[in-house]
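In what follows, a structure is listed as structure tokens, so that the remarks can point back to it.
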Amino acid sequence: MKKSTFLLCLGLFAAFNGCRKQETANLAIERIEAPDPTALDQFIQNKLMDEGEFLWSWATNDQVWTALANADFVLSVGYKPAHEQNVEDRLNQIDIHAQGWKDARQAVLQMILDSERKVQPALQLDALMAFPANTTLPFMEVYVKNPETIALLRKSNLIRYAEPIGYEPFMTKAAERSGSGCDGNDATAGLIAGQDYTNIAPGCKQSWNHSYHNISQAWNNSDGSGVKVLVVDSGASDDQENLDYDFNQGYSSGRTVEKYVTLSGAGETPNDLCGHGTSMIGACAAPRGTDGANAGIAYNCDLVSIRAAEDVYLDGSNEVNGVSSAFTFAGNSPDIRIVSMSMGRLTTSNQIRDAIIYAHQQGKMIFCAAGTSYWWTSWFVGVIFPATMTQAIAVTGVKTSLTARCSNCHSGSKVDFVVVMEKTTNGRTPLSLANSGDVPSTVGGSSVATASTAGIAALVWAKYPNWTRQQVFDRLKTSSNYYPSRNGSFGWGRINAQTATN
């Protein structure tokens with residue numbers, strides 16, 4: 001069985017079981033009255049404003065219960081043997097199948113099961129598990145219906161963390177948050193040659209914003225060949241031939257494209273039902289072809305697409321599970337060098353954090369979006385998780401004025417690089433692949449800035465294939481306009497891709 005077929009089948013199996021267990025859990029959920037989350041939401045908001053992040057370790061047991069009861073009752077539990085210390089510093093060296101780690105996991109499961117049986121006497125172990133076990137990293141996702149379980153776990157020396165993953169603060173109605181970033185990604189009518197794009201050989205379009213980063217000049221040095229980039233997002237459209245049988249055309253040849261799904265319970269397919277993932281891939285890796293579509297920055301790189309979430313706002317436990325599974329996959333794939341993710345959330349998930357740390361320890365270069373605001377977050381949120389992590393390279397967008405962030409783009413001290421994303425005069429955003437056809441779509445925000453920077457990094461690594469990740473990062477840094485200083489909002493600034501690939 002081919003690798004892609006095997007993983008797709010695995011995803012289908014996981015999704016089926018996730019749906020079945022969720023249905024069972026919902027029977028109990030209906031009988032539990034959820035506490036009012038207003039005070040919790042205010043607490044989260046205050047921490048975000050004061051600290052720039054929110055950690056569930058700051059919450060009380062009652063607050064954790066409030067979050068669980070107002071979401072889906074899924075608790076992420078990071079475990080360890082009692083004597084283990086500083087686990088996060090060596091996640092890639094741990095064998096969770098070793099006896100000590102197996103014993104710790106079993107002891108934690110038994111602790112949870114015994115506590116949960118106080119409110120669900122007939123509960124069996126398989127109904128406790130929310131998702132299939134991660135076979136690489138020391139965490140599990142369980143349904144918790146007894147508030148006492150939270151306190152029991154959080155005081156145990158076998159526990160690294162115990163936190164909800166299906167809850168985000170209700171700054172607005174959940175129905176209004178769903179579909180964030182999913183605009184259909186349709187072709188943009190009325191694009192003007194010479195203003196919105198340039199016609200280039202062998203018969204495609206180059207986005208207007210490339211000139212601000214000297215992409216054309218960089219293409220004289222590198223095209224991304226031999227570098228595999230993973231885009232963790234909402235998938236790749238199966239109606240877009242440039243991500244399928246036309247992935248190799250024109251100046252793009254001999255490269256591979258793989259499509260997987262780690263998202264369970266929401267359509268077990270790697271196909272992009274949102275449009276966001278397709279546009280990210282298009283900006284980074286679309287072919288430089290002959291059919292009139294736009295060319296991606298690293299038009300000859302190899303591509304892996306993983307559908308890990310329904311949309312860009314990771315507010316569901318299945319999305320947290322999907323993203324952590326995607327980064328675990330990246331860490332376990334020696335041929336993947338670069339990971340780009342243009343999604344995030346307000347609260348920190350230690351489960352996602354574990355997976356990103358693991359991938360980073362395995363040598364992956366990870367780019368994450370600093371954040372694109374919606375009306376309920378625009379006034380108090382800076383750089384969002386996981387771009388806040390030191391293992392992630394945070395990217396945002398700026399306008400053509402080069403001094404102002406693009407509309408709704410987040411900025412702050414944790415930003416590393418920026419990409420020009422928006423014309424000051426008319427608000428035009430860069431070109432990318434639409435969900436179908438050869439007429440480009442247009443997309444902006446920190447999302448496509450992130451995917452574009454991943455493409456530039458692929459150009460550099462293709463030019464210098466024996467370099468380390470740190471050497472590639474240093475070249476990006478020293479080729480940026482603020483270097484050797486660092487701007488408080490825009491980091492090292494705007495990368496000159498020509499200089500970076502010289």
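Note on residues 201-212: no pairs pass salt bridge (Lys or Arg N to Asp or Glu O under 4.0 Å), not counting sequence neighbours. Among pairs with a residue in residues 447-475, those fulfilling salt bridge (Lys or Arg N to Asp or Glu O under 4.0 Å) read Asp474-Lys477, at least two apart in sequence or across chains. Applying the disulfide bond (SG atoms under 2.5 Å apart) test to pairs two or more places apart or on separate chains, none has a residue in residues 459-502. Among residue pairs with one or both ends in residues 238-247, none qualify as salt bridge (Lys or Arg N to Asp or Glu O under 4.0 Å); sequence neighbours excluded. Legend: disulfide bond (SG atoms under 2.5 Å apart) pairs involving residues 293-331, not counting sequence neighbours: none detected.
Judged purely by distance below 3.5 Å, without hydrogens or angles, the side chains of Asn185 and Ser441 pair a donor atom with an acceptor atom. For the 3.5 Å distance criterion, the side chains of Gln240 and Ser436 fail to qualify, holding no donor opposite an acceptor. For the 3.5 Å distance criterion, the side chains of Ser264 and Asn318 fail to qualify, holding no donor opposite an acceptor. Donor-acceptor pairing under 3.5 Å is lacking for the side chains of Asn300 and Ser253. There is a side-chain donor-acceptor pair under 3.5 Å between Gln351 and Glu141. A side-chain donor from one of Asp41 and Tyr167 sits under 3.5 Å from a side-chain acceptor of the other. A side-chain donor from one of Asn46 and Gln42 sits under 3.5 Å from a side-chain acceptor of the other. Between the side chains of Asp291 and Asn242, at least one donor N or O sits under 3.5 Å from an acceptor N or O. Of the N and O atoms on the side chains of Gln498 and Asn221, not one donor lies less than 3.5 Å from an acceptor on the other residue.
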Would you give me the side-chain donor-acceptor pairs under 3.5 Å for residues 388-398, sequence neighbours excluded?
| from | atom 1 | to | atom 2 | distance (Å) |
| --- | --- | --- | --- | --- |
| Thr396 | OG1 | His410 | O | 2.5 |

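Under the rule for a side-chain contact (heavy atoms from CB on, under 4.5 Å), the partners of Val257 that lie at least two apart in sequence or sit in another chain are Phe247, Lys259, Leu303. Partners of Phe473 by ring-ring contact (aromatic ring centres under 6.0 Å, His included), not counting sequence neighbours, listed by chain and number: Phe417. Judged as a salt bridge (Lys or Arg N to Asp or Glu O under 4.0 Å), and not counting sequence neighbours, the contacts of Arg486 are Asp416. Residues satisfying the side-chain contact (heavy atoms from CB on, under 4.5 Å) criterion with Ala326, sequence neighbours excluded, are Val232, Thr262, Ile306, Ala308. Under the salt bridge (Lys or Arg N to Asp or Glu O under 4.0 Å) criterion, Asp354 pairs with Arg160, not counting sequence neighbours. Applying the side-chain hydrogen bond (donor to acceptor under 3.5 Å, both in side chains) rule to Arg428 yields the partners Asp196; only residues at least two apart in sequence or on another chain are considered.
With hydrogens and angles disregarded, no donor-acceptor distance shorter than 3.5 Å links the side chain of Ser252 to the backbone of Asn248. With Ser222 contributing its side chain and Ala218 its backbone, the two residues share no donor-acceptor pair below 3.5 Å. When atom types are taken as modelled, the side chain of Thr198 and the backbone of Gly194 share no donor-acceptor pair closer than 3.5 angstrom. Remark: side-chain polar atoms of Arg337 are paired, donor with acceptor, to backbone N or O of Pro465 under 3.5 angstrom. Without hydrogens or angle criteria, Asn350 side chain to Arg353 main chain gives no donor-acceptor distance under 3.5 Å. Panel note: side chain Thr269, backbone Asn271; a donor-acceptor pair is recorded below 3.5 Å. Glu51 places no side-chain N or O within 3.5 Å of a backbone atom of Leu48 that could act as its donor or acceptor partner. A donor-acceptor distance shorter than 3.5 angstrom exists from the side chain of His213 to the backbone of Val420, with no hydrogens or angles considered. Looking only at distances, a side-chain donor or acceptor of Asp223 sits under 3.5 Å from a matching main-chain atom of Ser225.
Contact annotation: the side chain of Val339 never approaches that of Met365 to less than 4.5 Å [non-hydrogen atoms, C-beta and beyond]. Counting only heavy atoms from C-beta outward, the side chains of Asp311 and Glu319 approach each other to under 4.5 Å. The side-chain heavy atoms of Ser340 and Met280, taken from C-beta on, include no pair separated by under 4.5 Å. At a threshold of 4.5 Å between non-hydrogen side-chain atoms, the residues Thr278 and Leu243 count as touching. In this structure, the side chains of Asp302 and Val229 stay at 4.5 Å or more apart for every pair of heavy atoms. Contact annotation: the side chain of Leu230 never approaches that of Ile338 to less than 4.5 Å [non-hydrogen atoms, C-beta and beyond]. Contact of the Thr400 side chain with the Tyr212 side chain is registered, since non-hydrogen atoms from C-beta on lie closer than 4.5 Å. Looking only at side-chain heavy atoms (C-beta outward), Leu459 and Ile297 come within less than 4.5 Å of each other.
Atom-to-atom distance recorded for Ser333:OG and Gln362:CD is 10.0 Å, nearest 0.5 angstrom. To the nearest 0.5 angstrom, Ser432 atom OG is 10.0 Å from His276 atom NE2. Note: Thr442 OG1 to Trp208 CH2 = 10.5 Å, rounded to the nearest 0.5 Å. Atom NZ of Lys47 is separated from atom CD of Glu53 by 10.0 Å, given to the nearest 0.5 angstrom. For the atom pair OG of Ser76 and CZ of Phe131, the computed distance is 10.0 Å after rounding to the nearest 0.5 Å. Residue Ser349 holds its OG atom at 7.0 Å from OH of Tyr161, rounded to the nearest 0.5 Å.
Between Phe327 and Tyr358, the ring centre distance reaches or exceeds 6.0 Å. Between Phe490 and Trp492, the ring center distance fails the sub-6.0 Å criterion.
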Using side-chain hydrogen bond (donor to acceptor under 3.5 Å, both in side chains), reason through Thr347 and Glu168 one step at a time and then give a plain yes or no.
CA-CA 7 Å; Thr347 66; Glu168 283 284 89; 2.4 Å; yes
Stepwise side chain to side chain contact (heavy atoms under 4.5 Å, CB included) test for Asn294 and Leu433:
CA-CA 7 Å; Asn294 77 287; Leu433 288 178; 3.5 Å; yes
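The aromatic rings of Trp219 and Tyr299 lie perpendicular to each other, with more than 60° between the two planes, well past the 30° mark.
Test Ser279, Ser305, Ser234, Ser237 against Asp272 for side-chain hydrogen bond (donor to acceptor under 3.5 Å, both in side chains) and you get one pass: Ser234.
With respect to Asp335 and Lys228, a salt bridge is recorded, a charged nitrogen being found less than 4.0 Å from a carboxylate O.
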